[in-house]
Engineer: 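One structure, as structure tokens, below. Some questions next.
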6 protein chains.
Amino acid sequence: MTPVPLARIIVEPLVRAALVEDLGRAGDLTTDAIVPAGLAARAALVARETGVVAGLDVAKLAFELIDPDIAVRVELEDGAMTAPGDVIARVSGPARGILTAERTALNFLGHLSGIASATASIVAAVLGTKAKIVCTRKTTPGLRAVVKYAVRAGGGANHRFGLDDAILIKDNHIAIAGGIAEALRRARAAAGHLVKIEVEIDNLDQLKEALGEAADAVLLDNMSLETLAEAVAIVAGRAMTEASGRVTPQSAPAIAATGVDLISVGWLTHSAPVLDIGLDFED
Amino acid sequence: MTPVPLARIIVEPLVRAALVEDLGRAGDLTTDAIVPAGLAARAALVARETGVVAGLDVAKLAFELIDPDIAVRVELEDGAMTAPGDVIARVSGPARGILTAERTALNFLGHLSGIASATASIVAAVLGTKAKIVCTRKTTPGLRAVVKYAVRAGGGANHRFGLDDAILIKDNHIAIAGGIAEALRRARAAAGHLVKIEVEIDNLDQLKEALGEAADAVLLDNMSLETLAEAVAIVAGRAMTEASGRVTPQSAPAIAATGVDLISVGWLTHSAPVLDIGLDFED
Amino acid sequence: MTPVPLARIIVEPLVRAALVEDLGRAGDLTTDAIVPAGLAARAALVARETGVVAGLDVAKLAFELIDPDIAVRVELEDGAMTAPGDVIARVSGPARGILTAERTALNFLGHLSGIASATASIVAAVLGTKAKIVCTRKTTPGLRAVVKYAVRAGGGANHRFGLDDAILIKDNHIAIAGGIAEALRRARAAAGHLVKIEVEIDNLDQLKEALGEAADAVLLDNMSLETLAEAVAIVAGRAMTEASGRVTPQSAPAIAATGVDLISVGWLTHSAPVLDIGLDFED
Amino acid sequence: MTPVPLARIIVEPLVRAALVEDLGRAGDLTTDAIVPAGLAARAALVARETGVVAGLDVAKLAFELIDPDIAVRVELEDGAMTAPGDVIARVSGPARGILTAERTALNFLGHLSGIASATASIVAAVLGTKAKIVCTRKTTPGLRAVVKYAVRAGGGANHRFGLDDAILIKDNHIAIAGGIAEALRRARAAAGHLVKIEVEIDNLDQLKEALGEAADAVLLDNMSLETLAEAVAIVAGRAMTEASGRVTPQSAPAIAATGVDLISVGWLTHSAPVLDIGLDFED
Amino acid sequence: MTPVPLARIIVEPLVRAALVEDLGRAGDLTTDAIVPAGLAARAALVARETGVVAGLDVAKLAFELIDPDIAVRVELEDGAMTAPGDVIARVSGPARGILTAERTALNFLGHLSGIASATASIVAAVLGTKAKIVCTRKTTPGLRAVVKYAVRAGGGANHRFGLDDAILIKDNHIAIAGGIAEALRRARAAAGHLVKIEVEIDNLDQLKEALGEAADAVLLDNMSLETLAEAVAIVAGRAMTEASGRVTPQSAPAIAATGVDLISVGWLTHSAPVLDIGLDFED
Amino acid sequence: MTPVPLARIIVEPLVRAALVEDLGRAGDLTTDAIVPAGLAARAALVARETGVVAGLDVAKLAFELIDPDIAVRVELEDGAMTAPGDVIARVSGPARGILTAERTALNFLGHLSGIASATASIVAAVLGTKAKIVCTRKTTPGLRAVVKYAVRAGGGANHRFGLDDAILIKDNHIAIAGGIAEALRRARAAAGHLVKIEVEIDNLDQLKEALGEAADAVLLDNMSLETLAEAVAIVAGRAMTEASGRVTPQSAPAIAATGVDLISVGWLTHSAPVLDIGLDFED
């Protein structure tokens, strides 16, 4: 899954902020002290484990913003599988700049590749079913655009990007409205014509109420496999069905087998471990 | 471990950016459509699992920046242990604002508490030894200040905050300098009088070379327990000794038993899963 | 139509930037030279013409950011009709601050009220029909959030807020894809489950093609009234129908009478004249 | 009137903000879904009506910031007249980037050209008189630098750019000071030696008072043509004379005929409709 | 000379940036380690030498932004003379915050008071003459607004604030134009009606040329006292006369005695030493 | 002393802000009015006095950000000595851009070179001793990174960059802790392993107490030469010794002769006059 690259205008401020965060007021004390000004070097970004790479443009930009004389040649594309030892990209140019940008580049690349890899592991688990794996708004603050991109790189799809691009009615909204039907009516009255409405469902009675108000999608939260299957049967294609609740690569196939359209997984973006990628200098 | 709170002037820009990231241009479509303007609500931030909380000031600020009429009463302090069901804080005020800020508050609180909890688990594993658990610069871009704070809340200590506040000579620097002694001499010549110098060591010969140049600290990377113990004996208090390399709560006690001063753990800040915390509305 | 207020966290940066733009490096030379420091004053924001007010929170914030001792008491709400001479709000406090903030407050208030008034004039023209008046992305750069809010205050509805919250397939996309059906298929394959898809239609053949691919909405661009009516009949409720193309209060009723769901009007946000509002000092 | 171009350092932040405002967190969903990565395209910015173009540098920058591989060849210069069908500029390069930047480029270009066109229409109306057409501080928040530039492109001149670059004493200042003479004395005492002082005049007695204090300019607000002419005679070249008050292309010639030096027109910058400019793809 | 306070909206971003610059990512390590959380303290800002204070609002804001519980009571006003030992302000509240903000507050206060003091020393030297002391654009980057304010606090007047608020024709402009008269004509043709024009003069022939084109002010650069006096006589009130060139408190009286209107002094803003002010804790 | 260049990512925002501060909303009125668009020019940055240059990259960037067609060829390097008349750099390209950027470039270059020159004068005074000259945190707000760089260019060394990169215990901290030993213990307990601790010493008893707690450095504040020498003898290499207190080029040699390791000088960064550098146009 090679996703469409993010516009540089979105990514660049994040990379600049991360570099400034690492360089502080004094810059790279170690490299400035030890590495001569004119020295050139060649290095490779190398995968240390199996996974899916994401964030190559971001890592590339980290090197280029530190020194435009650094050249980054990408060997894999975002969305590609890695095996231990695979060269992901080659970096060449002033040694000082390569060392100074290294950690920032790897922090982005490892984090985003970790998310892509986690996504891919669940996507693989439901292969052959119609279920799409989707992410949530449970993302690390400040990084939503790139984190959602990493999910796409891993073969997943994106849920809402924020509070403002779709309506998702949750239990507290339903309680305040006094019921699902009333909540949906209020939402429908306020929603723009290009805004879809999804509603969280706790039981099958609520599901029928939601279908009665023509919800675009229903979020079936923490239901048993049996109930999920029954819900899918009741919906019968009249709305998108999304299952959620502590999904793992192990549990995902059975959930997908219930026939749901979507399985949302919070931990892809809030708890996926980094993919281990290193920078190896070459002679 | 209740750490000294971060200055609001450092934290506030992060929280503002995260809220704006979630609200986008149109704000919280769902809440605005469904929840009446005047409605007040009460809710609790509740731990769903065992861990250590961190980031309460940050979460509090998220609510207050959305609506200054929201009051947040903290029930636990950063650094406190949580059990499932523990109320961490109580939130009261306009229901709209509480729902709009909820996800941003929880994203910070869950992420930082996850780091604190991971830290605490390793700190507990080495209790009774002199080893301190320290973090690295492998942090999520943009969040270094709060992430390092979370490590402190978990009972850990901080390594460098950036490239600019200490010298850490790594393998590539050593290779470029042509040896540890030369790298240390260059570093010493350039370093300010309040800048400490640590050097990465791969074997005991390098260690002796480093001690000969009076390194302040030595990073013993990926060594066997035997070699670590031997290294500690060789150092004999002349430098701080830091062990690193895929440390887990299981492996940490044996590492600590070698007598090292510090054990650095990258995954605390790059791969710790969030601590599960929810917001429950109350009647 | 009193819309839900925009979050201050979205509006405040715009107001700060506008004030700084007006004050420059030296501040209000005239007021600082002439008006004594301690002098208090009372003034009223007064409508000079008939229209619909929008942006009171924004104007209020302009005064308060210049001097928190200025009190603004709102007499009308956003969405209210004004007649010439109506007092919209009363401002009291330090005379210096009132004079310094005046122009910025009025620039926002006049611009947003002008948009609300233009919207209301078209909304009134289609009263009794099912047609909703919607805006476009043709907005003054930097002000989209508040401009879209002003449309709501005028009784209109919002179209997309940006390129990222819905899919709108236009003629150039269709040409590149090689046809409407292929364009819709590509869009459907890429779209998240909460993303609606609208497609621009130039003739009735294209319309049928779009319905065959289950477009959520069709944009009927620059069609005659007869063709519009025919299109609405063909659609028969299977998609939202949106008419566009140089709509005026005069032409709107006939367009609405064709039965379209939506009428989009670009000039609401790119060419509406300001509503004339002044600040009158009172004794 | 080809004005001196604005420094890119002033314009670039505005264009970046406008692009980010339109792309949001997810970018151009439509184009990313439908348009292939490698596809090149050619397009023309075409005037749909008669007017004066302004903002070509700004529009060009919008395309280039989205993708530096897009080339923009300007065919007309800012300040040039357009007829319907005139090609203003040609754009070539990656189709994706052209489509993504299109709306932002056109929003700037249409808005600024609208202001230039409105200005030119009044400038033409007073041709052959000595009267200059000037703008006011009634500008869309955030865009003052470019909006004032557009006035210059239309052949107009600029009044103050902000509260800080000249003194303009208005009725409220006069009332607070207790009279025009006292207000002028206070202003003179505080003003730097390169700061000019203008004062608003409601009647001829005030005018004489102002001349007695050597005002640099007098703002003759909402006066009849007879009174304007009389005022000009009284001033007799001792100060610049500025007429204001709901000036239109129809009323401007008679006002200019009174002999005033300047005619200020608020609606040029707060209410001018956009100039209709489109982007046409070419084969 | 108590100048009108700068708007907080202008000053606050400077103070926030300075505090963040000093606190970095980890905050005040020393204070956080040593000072207990609840401890209150009282301290005084005390002048260590004779001078003129400026920047009290700025210093006050530094304390308040670190901790709103810190109260700052101002004992002197900006523009007041200090003697060694004078208490300028009293600060009370949380000891941690006082210590953390101390350096930033003093850096602003010392710098601005240094400028005010230098200004006052020259102002005093020309007392009784009509000469005003004015500053230049030779200011520390980023601080122009506050630095110009400090000049006012010292009894001086401000020259241009930037390249955009007045025209100052210098030798290079004259050379390019081919002469003073042509340069003035070009400037007059381009200048707005509220923009004054000053021209640099090297000799009396140039002076006559400038007067022939009705320059508003002439900058008499590096002239002998005799030439200055002759220039003043030639001008005879037809333009403002400004003397410049390495002015000191010693040389200023004689320059003022030539009858010039203004004496501009670059070193007030680029080379004035700080006024020594300290923070003394009280029991 | 040619220091390692600062990363452009750190310097660029400062230069952009300074240029925008000078250009305001209208740009360079004078140059835009007088200098033709196509005119090319050549100029030289010329030292008017003896000193040490610093900030050439910064000045270069000012020209390039205004117009990338301006070429700056550096003739001296940062850290080089200047004699009156020395050409520091040559600038060629569009005359408009050169004139517009001139003041900002010179403001940076003069300020930083002034600091480097002051530093060099003290460094020269202690030549042949082991004493290093170090700066303090008494820097102009907003410019710490470049100001500290200028100290390095002058041959000095840097003290702390902020409150967060080392611990410096001052008199107020000691008083609050109840003594030096307790303050040091608290600091040691909180400090990271790469954080050094310095403590301010007023007398020799305190010194012994500090050595007893293994302070890394002692700040000997305002001591007589005799006491300094005695302190150095007592320390006997167990800590770095830093002397401070109104150091001048005259007093520095005797201080250095006491054997201290470091002499800190506040006025290098808060009160050094600019180095006089001008821009001369060439035919």
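Numbered from 1 within each chain, the chains take letters A, B, ... in sequence-line order. Predicted, not measured: the structure shown is a model, and the values here were computed from it.
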Engineer: Checking E:A191 against chain D: side chain, backbone, both or neither under 4.5 Å from a heavy atom?
Structural biologist: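 Contact with chain D: backbone only.
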Engineer: If I measure from the heavy atoms of chain D, does E:V195 come under 4.5 Å with its side chain, its backbone, both, or neither?
Structural biologist: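 Looking at E:V195, just its backbone touches chain D.
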Engineer: Considering only heavy atoms and a distance below 4.5 Å, find which of E:V4, E:L262, E:I197 pairs most often with chain D.
Structural biologist: E:L262
Engineer: Every donor-acceptor pair from chain D to chain E under 3.5 Å, please, each on its own line.
Structural biologist:
{"unit_1": "D:H193", "atom_1": "NE2", "unit_2": "E:E198", "atom_2": "OE1", "d": "2.8"}
{"unit_1": "D:E198", "atom_1": "OE1", "unit_2": "E:H193", "atom_2": "NE2", "d": "2.8"}

Engineer: Applying side-chain contact (heavy atoms from CB on, under 4.5 Å), name anything that partners D:A145, two or more places apart in sequence or on another chain.
Structural biologist: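 For D:A145 the side-chain contact (heavy atoms from CB on, under 4.5 Å) partners, ignoring immediate neighbours, are D:I10, F:R25.
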Engineer: So for E:L194, is it side chain, backbone, both, or neither that comes closer than 4.5 Å to the heavy atoms of chain D?
Structural biologist: both
Engineer: Checking heavy atoms, do the side chain of E:A217, its backbone, both or neither come under 4.5 Å from chain D?
Structural biologist: side chain
